[in-house]
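Written out below as C-alpha coordinates is the structure these notes cover.
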There are 2 protein chains.
Amino acid sequence: MPTERSYHHGDLRRAVLTAALDVIATEGPAALSLRDLARRAGVSHAAPAHHFKDRAGLLTAVATEGYGFLSAALGEAEDLRDLGVRYVGFAAAHPAHFQIMFRPELLRPDDSELLAARQQTRSMLRTAVQGHGEDPAVSFMAAWSMAHGFATLLLSRNLDDLLDGRDPEDTFGALAGVMFGPTGSPWS
Amino acid sequence: MPTERSYHHGDLRRAVLTAALDVIATEGPAALSLRDLARRAGVSHAAPAHHFKDRAGLLTAVATEGYGFLSAALGEAEDLRDLGVRYVGFAAAHPAHFQIMFRPELLRPDDSELLAARQQTRSMLRTAVQGHGEDPAVSFMAAWSMAHGFATLLLSRNLDDLLDGRDPEDTFGALAGVMFGPTGSPWS
DNA sequence: CTTTAATCTTGTCAATGACTAGATCGCGCT
DNA sequence: AGCGCGATCTAGTCATTGACAAGATTAAAG
(Lines give C-alpha, C1' and ligand atoms only; values in the text may rest on other atoms or scores of the structure.)
Protein backbone atom coordinates (compact mmCIF):
# COMPACT_ATOMS: atom_id res chain seq x y z
CA MET A 1 0.00 0.00 0.00
CA PRO A 2 2.13 2.89 -1.07
CA THR A 3 0.41 5.93 0.26
CA GLU A 4 3.20 7.92 -1.31
CA ARG A 5 1.34 11.10 -1.92
CA SER A 6 4.72 12.50 -2.86
CA TYR A 7 6.22 15.39 -1.04
CA HIS A 8 3.22 16.69 0.81
CA HIS A 9 1.31 14.48 3.17
CA GLY A 10 -2.07 16.13 2.91
CA ASP A 11 -3.10 16.11 6.54
CA LEU A 12 0.00 15.44 8.54
CA ARG A 13 -1.22 17.37 11.53
CA ARG A 14 -4.20 15.13 12.05
CA ALA A 15 -2.21 11.99 11.24
CA VAL A 16 0.38 12.79 13.89
CA LEU A 17 -2.29 13.75 16.36
CA THR A 18 -4.16 10.51 15.85
CA ALA A 19 -1.03 8.42 16.13
CA ALA A 20 -0.12 10.26 19.31
CA LEU A 21 -3.51 9.53 20.82
CA ASP A 22 -3.02 5.87 20.03
CA VAL A 23 0.37 5.70 21.71
CA ILE A 24 -0.70 7.69 24.75
CA ALA A 25 -3.79 5.60 25.30
CA THR A 26 -1.91 2.33 25.15
CA GLU A 27 1.54 3.12 26.55
CA GLY A 28 1.19 6.48 28.23
CA PRO A 29 2.65 9.85 27.33
CA ALA A 30 6.13 8.86 28.49
CA ALA A 31 6.41 6.37 25.64
CA LEU A 32 5.62 9.01 23.08
CA SER A 33 8.35 9.77 20.56
CA LEU A 34 8.02 12.45 17.94
CA ARG A 35 10.30 10.52 15.62
CA ASP A 36 8.16 7.44 15.99
CA LEU A 37 5.06 9.40 15.11
CA ALA A 38 6.83 10.74 12.06
CA ARG A 39 7.74 7.20 11.04
CA ARG A 40 4.14 6.07 11.39
CA ALA A 41 2.98 8.90 9.18
CA GLY A 42 5.69 8.10 6.65
CA VAL A 43 7.38 11.46 6.83
CA SER A 44 10.79 12.63 7.87
CA HIS A 45 11.71 12.90 11.51
CA ALA A 46 11.48 16.67 11.58
CA ALA A 47 8.17 17.07 9.79
CA PRO A 48 5.93 17.10 12.88
CA ALA A 49 7.87 19.99 14.32
CA HIS A 50 6.47 22.27 11.67
CA HIS A 51 2.95 21.64 12.92
CA PHE A 52 3.52 21.47 16.65
CA LYS A 53 6.89 23.11 17.23
CA ASP A 54 7.91 20.57 19.84
CA ARG A 55 6.69 17.90 22.20
CA ALA A 56 4.90 20.36 24.46
CA GLY A 57 3.19 21.86 21.44
CA LEU A 58 1.84 18.50 20.36
CA LEU A 59 0.52 17.68 23.80
CA THR A 60 -0.99 21.12 24.14
CA ALA A 61 -2.89 20.49 20.93
CA VAL A 62 -4.12 17.20 22.34
CA ALA A 63 -5.28 18.84 25.54
CA THR A 64 -7.01 21.65 23.69
CA GLU A 65 -8.87 19.18 21.52
CA GLY A 66 -9.79 17.25 24.62
CA TYR A 67 -11.37 20.26 26.29
CA GLY A 68 -13.38 20.83 23.13
CA PHE A 69 -14.70 17.28 23.17
CA LEU A 70 -15.48 17.46 26.85
CA SER A 71 -17.36 20.71 26.51
CA ALA A 72 -19.43 19.23 23.74
CA ALA A 73 -20.26 16.17 25.81
CA LEU A 74 -21.13 18.12 28.92
CA GLY A 75 -23.31 20.51 26.97
CA GLU A 76 -25.94 17.89 26.48
CA ALA A 77 -26.26 16.92 30.12
CA GLU A 78 -29.75 16.98 31.54
CA ASP A 79 -29.00 17.12 35.24
CA LEU A 80 -26.12 16.99 37.67
CA ARG A 81 -25.92 13.24 37.76
CA ASP A 82 -25.96 13.04 34.00
CA LEU A 83 -23.18 15.58 33.94
CA GLY A 84 -21.01 13.32 36.05
CA VAL A 85 -21.82 10.31 33.93
CA ARG A 86 -20.79 12.22 30.83
CA TYR A 87 -17.59 13.32 32.48
CA VAL A 88 -16.71 9.71 33.20
CA GLY A 89 -17.88 8.68 29.76
CA PHE A 90 -15.55 11.19 28.17
CA ALA A 91 -12.59 9.86 30.13
CA ALA A 92 -13.40 6.32 29.09
CA ALA A 93 -13.91 7.22 25.44
CA HIS A 94 -10.92 9.54 25.15
CA PRO A 95 -8.39 8.29 27.68
CA ALA A 96 -5.41 9.93 25.98
CA HIS A 97 -7.05 13.33 25.89
CA PHE A 98 -8.19 13.04 29.47
CA GLN A 99 -4.78 12.10 30.80
CA ILE A 100 -2.96 14.88 29.02
CA MET A 101 -5.49 17.52 30.01
CA PHE A 102 -4.53 17.10 33.63
CA ARG A 103 -0.78 16.98 33.25
CA PRO A 104 0.13 20.67 33.23
CA GLU A 105 3.87 20.08 33.33
CA LEU A 106 3.69 18.61 29.82
CA LEU A 107 1.80 21.55 28.33
CA ARG A 108 2.53 25.09 27.24
CA PRO A 109 1.03 26.84 30.25
CA ASP A 110 0.27 30.10 28.45
CA ASP A 111 -1.15 28.76 25.20
CA SER A 112 -4.15 30.93 24.45
CA GLU A 113 -6.23 28.28 22.71
CA LEU A 114 -5.65 25.87 25.56
CA LEU A 115 -6.59 28.44 28.17
CA ALA A 116 -9.74 29.38 26.29
CA ALA A 117 -10.85 25.78 25.84
CA ARG A 118 -10.17 24.98 29.47
CA GLN A 119 -12.03 28.04 30.63
CA GLN A 120 -14.98 27.10 28.49
CA THR A 121 -15.21 23.66 30.04
CA ARG A 122 -14.77 25.08 33.50
CA SER A 123 -17.62 27.51 33.20
CA MET A 124 -19.87 24.75 31.93
CA LEU A 125 -19.14 22.70 35.01
CA ARG A 126 -19.67 25.67 37.27
CA THR A 127 -23.01 26.69 35.90
CA ALA A 128 -24.21 23.09 35.96
CA VAL A 129 -23.52 22.85 39.66
CA GLN A 130 -25.15 26.22 40.32
CA GLY A 131 -27.99 26.07 42.80
CA HIS A 132 -26.91 22.80 44.35
CA GLY A 133 -25.73 22.94 47.90
CA GLU A 134 -25.06 25.89 50.12
CA ASP A 135 -21.53 26.97 49.30
CA PRO A 136 -21.16 26.95 45.50
CA ALA A 137 -17.40 26.47 45.63
CA VAL A 138 -17.71 23.52 47.98
CA SER A 139 -20.45 21.92 45.93
CA PHE A 140 -18.39 22.43 42.81
CA MET A 141 -15.33 20.81 44.30
CA ALA A 142 -17.35 17.93 45.71
CA ALA A 143 -19.01 17.06 42.43
CA TRP A 144 -15.88 17.55 40.39
CA SER A 145 -13.73 15.53 42.79
CA MET A 146 -16.18 12.68 42.69
CA ALA A 147 -16.34 12.43 38.92
CA HIS A 148 -12.68 13.17 38.39
CA GLY A 149 -11.54 10.70 40.97
CA PHE A 150 -13.69 7.95 39.52
CA ALA A 151 -12.43 8.67 36.03
CA THR A 152 -8.80 8.76 37.16
CA LEU A 153 -9.02 5.55 39.14
CA LEU A 154 -10.80 3.95 36.22
CA LEU A 155 -8.06 4.84 33.73
CA SER A 156 -5.29 3.79 36.09
CA ARG A 157 -7.04 0.42 36.26
CA ASN A 158 -7.66 0.67 39.97
CA LEU A 159 -11.34 -0.15 39.74
CA ASP A 160 -11.04 -3.30 37.66
CA ASP A 161 -11.84 -5.76 40.38
CA LEU A 162 -14.35 -3.49 42.07
CA LEU A 163 -16.24 -2.97 38.85
CA ASP A 164 -16.02 -6.64 38.03
CA GLY A 165 -17.34 -6.31 34.52
CA ARG A 166 -20.01 -3.72 35.21
CA ASP A 167 -20.22 -0.72 32.93
CA PRO A 168 -18.23 2.17 34.39
CA GLU A 169 -20.71 4.84 33.38
CA ASP A 170 -23.69 2.98 34.77
CA THR A 171 -21.82 2.29 37.94
CA PHE A 172 -20.90 5.91 38.38
CA GLY A 173 -24.51 6.83 37.80
CA ALA A 174 -25.57 4.56 40.63
CA LEU A 175 -22.74 5.77 42.78
CA ALA A 176 -23.62 9.40 42.21
CA GLY A 177 -27.23 8.64 42.86
CA VAL A 178 -26.39 7.49 46.33
CA MET A 179 -24.77 10.79 47.12
CA PHE A 180 -26.39 13.36 44.90
CA GLY A 181 -29.66 11.45 44.84
CA PRO A 182 -33.12 12.87 45.46
CA THR A 183 -33.09 11.70 49.06
CA GLY A 184 -31.19 13.55 51.75
CA SER A 185 -28.22 15.86 51.31
CA PRO A 186 -28.31 19.26 49.71
CA TRP A 187 -28.10 17.70 46.27
CA SER A 188 -31.35 17.71 44.47
CA MET B 1 32.47 21.49 49.57
CA PRO B 2 33.93 18.17 48.60
CA THR B 3 31.74 15.43 49.89
CA GLU B 4 34.30 13.08 48.40
CA ARG B 5 33.67 10.09 50.57
CA SER B 6 35.99 8.30 48.20
CA TYR B 7 34.82 5.42 46.09
CA HIS B 8 31.72 4.42 47.98
CA HIS B 9 28.94 6.86 48.55
CA GLY B 10 27.54 5.46 51.75
CA ASP B 11 23.86 5.68 51.04
CA LEU B 12 23.50 6.19 47.35
CA ARG B 13 20.16 4.48 47.18
CA ARG B 14 18.53 6.96 49.54
CA ALA B 15 20.33 9.89 47.95
CA VAL B 16 19.08 9.02 44.48
CA LEU B 17 15.60 8.34 45.80
CA THR B 18 15.45 11.70 47.55
CA ALA B 19 16.75 13.57 44.53
CA ALA B 20 14.20 11.80 42.37
CA LEU B 21 11.37 12.84 44.69
CA ASP B 22 12.56 16.41 44.44
CA VAL B 23 12.58 16.42 40.65
CA ILE B 24 9.26 14.63 40.32
CA ALA B 25 7.53 16.97 42.75
CA THR B 26 8.72 20.09 40.98
CA GLU B 27 8.97 19.09 37.32
CA GLY B 28 7.08 15.84 37.04
CA PRO B 29 8.31 12.34 36.28
CA ALA B 30 8.90 13.12 32.62
CA ALA B 31 11.72 15.48 33.53
CA LEU B 32 13.49 12.80 35.53
CA SER B 33 16.90 11.73 34.25
CA LEU B 34 18.91 8.97 35.85
CA ARG B 35 22.12 10.65 34.78
CA ASP B 36 21.04 13.89 36.38
CA LEU B 37 20.30 12.11 39.63
CA ALA B 38 23.73 10.54 39.50
CA ARG B 39 25.27 13.96 38.97
CA ARG B 40 23.43 15.37 41.98
CA ALA B 41 24.68 12.55 44.13
CA GLY B 42 28.21 13.07 42.84
CA VAL B 43 28.61 9.60 41.39
CA SER B 44 29.14 8.24 37.93
CA HIS B 45 26.27 8.03 35.48
CA ALA B 46 25.87 4.29 35.81
CA ALA B 47 25.95 4.06 39.60
CA PRO B 48 22.19 4.31 40.20
CA ALA B 49 21.57 1.34 37.94
CA HIS B 50 23.17 -0.92 40.47
CA HIS B 51 20.52 -0.02 43.02
CA PHE B 52 17.45 0.27 40.84
CA LYS B 53 18.34 -1.59 37.64
CA ASP B 54 16.62 0.96 35.44
CA ARG B 55 14.14 3.81 35.35
CA ALA B 56 11.14 1.59 36.04
CA GLY B 57 12.97 0.09 38.99
CA LEU B 58 13.56 3.49 40.53
CA LEU B 59 9.96 4.54 40.12
CA THR B 60 8.74 1.23 41.46
CA ALA B 61 10.79 1.87 44.57
CA VAL B 62 9.21 5.30 44.88
CA ALA B 63 5.71 3.88 44.55
CA THR B 64 6.40 1.14 47.06
CA GLU B 65 7.68 3.62 49.58
CA GLY B 66 4.62 5.75 48.92
CA TYR B 67 2.22 2.94 49.70
CA GLY B 68 4.10 2.39 52.93
CA PHE B 69 3.71 6.01 53.95
CA LEU B 70 0.08 6.05 52.98
CA SER B 71 -0.70 2.92 54.95
CA ALA B 72 0.95 4.44 57.99
CA ALA B 73 -1.05 7.64 57.66
CA LEU B 74 -4.36 5.88 57.12
CA GLY B 75 -3.76 3.57 60.03
CA GLU B 76 -4.32 6.36 62.50
CA ALA B 77 -7.64 7.50 61.09
CA GLU B 78 -10.47 7.75 63.57
CA ASP B 79 -13.43 7.70 61.24
CA LEU B 80 -14.30 7.75 57.56
CA ARG B 81 -14.03 11.48 57.18
CA ASP B 82 -10.67 11.51 58.90
CA LEU B 83 -9.56 8.78 56.56
CA GLY B 84 -10.32 10.98 53.57
CA VAL B 85 -8.57 13.95 55.12
CA ARG B 86 -5.50 11.82 55.70
CA TYR B 87 -5.60 10.57 52.14
CA VAL B 88 -5.59 14.14 50.88
CA GLY B 89 -2.97 15.09 53.43
CA PHE B 90 -0.70 12.36 52.18
CA ALA B 91 -1.02 13.55 48.59
CA ALA B 92 -0.20 17.10 49.64
CA ALA B 93 2.76 16.07 51.79
CA HIS B 94 4.20 13.54 49.35
CA PRO B 95 3.16 14.71 45.88
CA ALA B 96 5.89 12.80 44.09
CA HIS B 97 5.00 9.51 45.73
CA PHE B 98 1.32 10.05 45.12
CA GLN B 99 1.72 10.80 41.44
CA ILE B 100 3.94 7.81 40.74
CA MET B 101 1.74 5.40 42.66
CA PHE B 102 -1.05 5.92 40.15
CA ARG B 103 1.00 5.73 36.99
CA PRO B 104 1.14 1.99 36.33
CA GLU B 105 2.78 2.32 32.94
CA LEU B 106 5.93 3.65 34.62
CA LEU B 107 6.21 0.79 37.11
CA ARG B 108 7.26 -2.84 37.11
CA PRO B 109 3.79 -4.37 37.17
CA ASP B 110 4.84 -7.62 38.80
CA ASP B 111 7.19 -6.33 41.48
CA SER B 112 6.35 -8.31 44.59
CA GLU B 113 7.16 -5.58 47.10
CA LEU B 114 5.04 -3.10 45.19
CA LEU B 115 2.12 -5.48 44.96
CA ALA B 116 2.31 -6.27 48.65
CA ALA B 117 2.46 -2.62 49.69
CA ARG B 118 -0.41 -1.72 47.41
CA GLN B 119 -2.50 -4.60 48.68
CA GLN B 120 -1.84 -3.53 52.23
CA THR B 121 -3.10 0.00 51.57
CA ARG B 122 -6.08 -1.30 49.69
CA SER B 123 -7.26 -3.54 52.47
CA MET B 124 -6.94 -0.68 54.93
CA LEU B 125 -9.22 1.44 52.79
CA ARG B 126 -11.68 -1.38 52.38
CA THR B 127 -12.03 -2.21 56.02
CA ALA B 128 -12.37 1.46 56.90
CA VAL B 129 -15.37 1.81 54.62
CA GLN B 130 -16.91 -1.39 55.93
CA GLY B 131 -20.38 -0.93 57.33
CA HIS B 132 -21.04 2.31 55.51
CA GLY B 133 -23.68 2.25 52.85
CA GLU B 134 -25.57 -0.65 51.39
CA ASP B 135 -23.34 -2.00 48.65
CA PRO B 136 -19.80 -2.16 50.04
CA ALA B 137 -18.20 -1.97 46.59
CA VAL B 138 -20.21 1.11 45.69
CA SER B 139 -19.49 2.79 48.99
CA PHE B 140 -15.83 2.01 48.60
CA MET B 141 -15.68 3.47 45.11
CA ALA B 142 -17.63 6.56 46.17
CA ALA B 143 -15.39 7.38 49.08
CA TRP B 144 -12.20 6.59 47.23
CA SER B 145 -13.23 8.56 44.16
CA MET B 146 -14.02 11.57 46.26
CA ALA B 147 -10.73 11.65 48.10
CA HIS B 148 -8.66 10.64 45.11
CA GLY B 149 -10.29 13.15 42.83
CA PHE B 150 -9.76 15.97 45.26
CA ALA B 151 -6.13 15.00 45.75
CA THR B 152 -5.52 14.69 42.02
CA LEU B 153 -7.15 18.00 41.18
CA LEU B 154 -5.23 19.61 44.00
CA LEU B 155 -1.86 18.41 42.74
CA SER B 156 -2.64 19.35 39.15
CA ARG B 157 -3.33 22.84 40.48
CA ASN B 158 -6.95 22.80 39.36
CA LEU B 159 -8.33 23.87 42.72
CA ASP B 160 -6.11 26.89 43.25
CA ASP B 161 -8.72 29.53 42.63
CA LEU B 162 -11.51 27.52 44.21
CA LEU B 163 -9.52 27.01 47.35
CA ASP B 164 -8.43 30.60 47.37
CA GLY B 165 -5.93 30.21 50.15
CA ARG B 166 -7.91 27.88 52.34
CA ASP B 167 -6.19 24.79 53.68
CA PRO B 168 -6.81 21.82 51.37
CA GLU B 169 -7.21 19.29 54.15
CA ASP B 170 -9.64 21.43 56.10
CA THR B 171 -11.59 22.11 52.96
CA PHE B 172 -11.83 18.46 52.11
CA GLY B 173 -12.99 17.78 55.62
CA ALA B 174 -15.83 20.24 55.20
CA LEU B 175 -16.56 18.92 51.77
CA ALA B 176 -16.71 15.34 52.95
CA GLY B 177 -18.83 16.40 55.86
CA VAL B 178 -21.48 17.64 53.48
CA MET B 179 -21.69 14.25 51.82
CA PHE B 180 -20.61 11.71 54.39
CA GLY B 181 -21.84 13.85 57.24
CA PRO B 182 -24.02 12.72 60.15
CA THR B 183 -27.18 13.99 58.47
CA GLY B 184 -28.87 12.16 55.63
CA SER B 185 -27.33 9.62 53.25
CA PRO B 186 -26.20 6.14 54.14
CA TRP B 187 -22.94 7.52 55.50
CA SER B 188 -22.82 7.61 59.22
C1' DC C 1 45.03 -11.65 55.92
C1' DT C 2 42.53 -13.31 52.05
C1' DT C 3 38.66 -14.11 49.58
C1' DT C 4 34.34 -12.60 47.99
C1' DA C 5 30.60 -9.87 46.78
C1' DA C 6 28.80 -5.36 46.74
C1' DT C 7 29.52 -0.95 45.00
C1' DC C 8 31.09 2.24 41.76
C1' DT C 9 33.64 3.84 37.17
C1' DT C 10 34.67 4.06 32.41
C1' DG C 11 33.44 3.20 27.81
C1' DT C 12 30.13 2.38 24.35
C1' DC C 13 25.79 2.26 21.39
C1' DA C 14 21.37 3.33 19.54
C1' DA C 15 17.56 6.49 20.10
C1' DT C 16 15.71 10.92 20.92
C1' DG C 17 14.43 16.15 20.91
C1' DA C 18 15.66 20.25 19.05
C1' DC C 19 17.72 23.05 15.71
C1' DT C 20 19.44 24.65 10.97
C1' DA C 21 19.57 24.99 6.11
C1' DG C 22 17.73 23.74 2.03
C1' DA C 23 14.42 21.23 -1.23
C1' DT C 24 9.72 20.83 -3.08
C1' DC C 25 5.23 22.03 -3.80
C1' DG C 26 0.59 24.36 -3.85
C1' DC C 27 -1.95 28.50 -4.09
C1' DG C 28 -3.10 33.18 -5.06
C1' DC C 29 -2.13 37.01 -8.01
C1' DT C 30 -1.59 39.24 -12.23
C1' DA D 1 -1.10 30.52 -18.28
C1' DG D 2 2.70 31.33 -15.51
C1' DC D 3 5.10 33.39 -11.74
C1' DG D 4 6.41 33.94 -7.09
C1' DC D 5 5.90 33.32 -2.37
C1' DG D 6 4.92 31.00 1.68
C1' DA D 7 3.70 26.58 3.57
C1' DT D 8 5.28 22.04 3.97
C1' DC D 9 8.63 18.62 4.16
C1' DT D 10 13.69 16.62 3.94
C1' DA D 11 18.47 16.04 5.29
C1' DG D 12 22.03 16.77 8.42
C1' DT D 13 23.80 17.74 12.95
C1' DC D 14 24.52 18.01 18.10
C1' DA D 15 23.95 17.25 22.96
C1' DT D 16 21.56 14.22 26.05
C1' DT D 17 19.77 10.08 27.53
C1' DG D 18 18.91 4.93 28.97
C1' DA D 19 20.86 0.66 28.88
C1' DC D 20 24.51 -2.45 28.83
C1' DA D 21 29.34 -4.51 29.40
C1' DA D 22 33.78 -4.91 31.50
C1' DG D 23 36.77 -3.64 34.87
C1' DA D 24 38.41 -1.07 39.24
C1' DT D 25 37.85 -0.35 44.23
C1' DT D 26 36.38 -1.34 48.68
C1' DA D 27 33.94 -3.26 52.75
C1' DA D 28 33.18 -7.12 55.25
C1' DA D 29 32.96 -12.03 56.19
C1' DG D 30 35.65 -16.00 57.18
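Just so it is clear, the model here is predicted, and its values are computed rather than measured. Chain naming here is simple, since letters A, B, ... match the order of the sequence lines and numbering starts at 1 in each.
- Nearest-nucleotide assignment on DNA chain C puts the 5′-proximal partner with Asp36(A), out of Asp36(A) and Ala49(A).
- dA18(C) atom P lies 16 Å from atom NE2 of His50(A), rounded to whole Å.
- Residue Ser33(B) has no polar side-chain atom (N or O) positioned under 4.0 Å from OP1 or OP2 of dT16(D).
- Note on Arg118(B) versus Asp111(B): no salt bridge recorded, every NZ/NE/NH1/NH2 to OD/OE distance being 4.0 Å or above.
- In this structure, the CG atom of Leu12(B) is 9 Å from the C1' atom of dT7(C), given to the nearest Å.
- Looking at heavy-atom distances under 4.0 Å, Leu32(A) makes contact with sugar-phosphate atoms alone, never a base.
- Tested against Ser156(A) for a side chain to side chain contact (heavy atoms under 4.5 Å, CB included), the candidates Leu154(A), Asn158(A), Leu159(A), Asp160(A) yield a single pass: Asn158(A).
- Base engagement by His45(A) is indicated by at least one non-hydrogen atom pair under 4.0 Å involving a base atom.
- If you take CG of Leu34(A) and C1' of dA15(C), they are 13 Å apart, rounded to a whole angstrom.
- The shortest distance between the side-chain N/O atoms of His51(B) and the OP1/OP2 oxygens of dC8(C) is below 4.0 Å.
- As rounded to whole Å, 19 Å separates atom P of dT26(D) from atom CG of Asp11(B).
- Among the heavy atoms of the strands lying under 4.0 Å from Arg55(B) are primed sugar atoms or P, OP1, OP2 only; no base atom is included.
- Atom pair Arg35(B):CZ and dT9(C):P shows a separation of 13 Å (rounding to whole Å applied).
- Of the inter-residue distances, the one linking Leu175(B) atom CG with Arg81(B) atom CZ reads 10.0 Å to the nearest 0.5 angstrom.
- Within 4.0 Å of Arg39(B), counting heavy atoms only, lie sugar-phosphate atoms of the nucleic acid but no base atom.
- For Ser44(A) and dC9(D), the shortest distance from a side-chain N or O to OP1 or OP2 is not below 4.0 Å.
- Using a 4.0 Å cut-off between charged nitrogen and carboxylate oxygen, Arg122(B) and Asp161(A) count as a salt-bridge pair.
- For Lys53(A) and dG17(C), the NZ to P distance is 15 Å, given to the nearest whole Å.
- Within 4.0 Å (heavy atoms only), Leu58(A) reaches no atom of the nucleic acid at all.
- No donor-acceptor pair closer than 3.5 Å links the side chain of Arg14(B) to the backbone N or O of Gly10(B).
- One interatomic measurement links the two molecules: CZ of Arg13(A) to P of dC9(D), which rounds to 12 Å at whole-angstrom precision.
- Taking atom CG of residue Leu37(B) and atom C1' of nucleotide dT16(D), one finds them 14 Å apart after rounding to whole Å.
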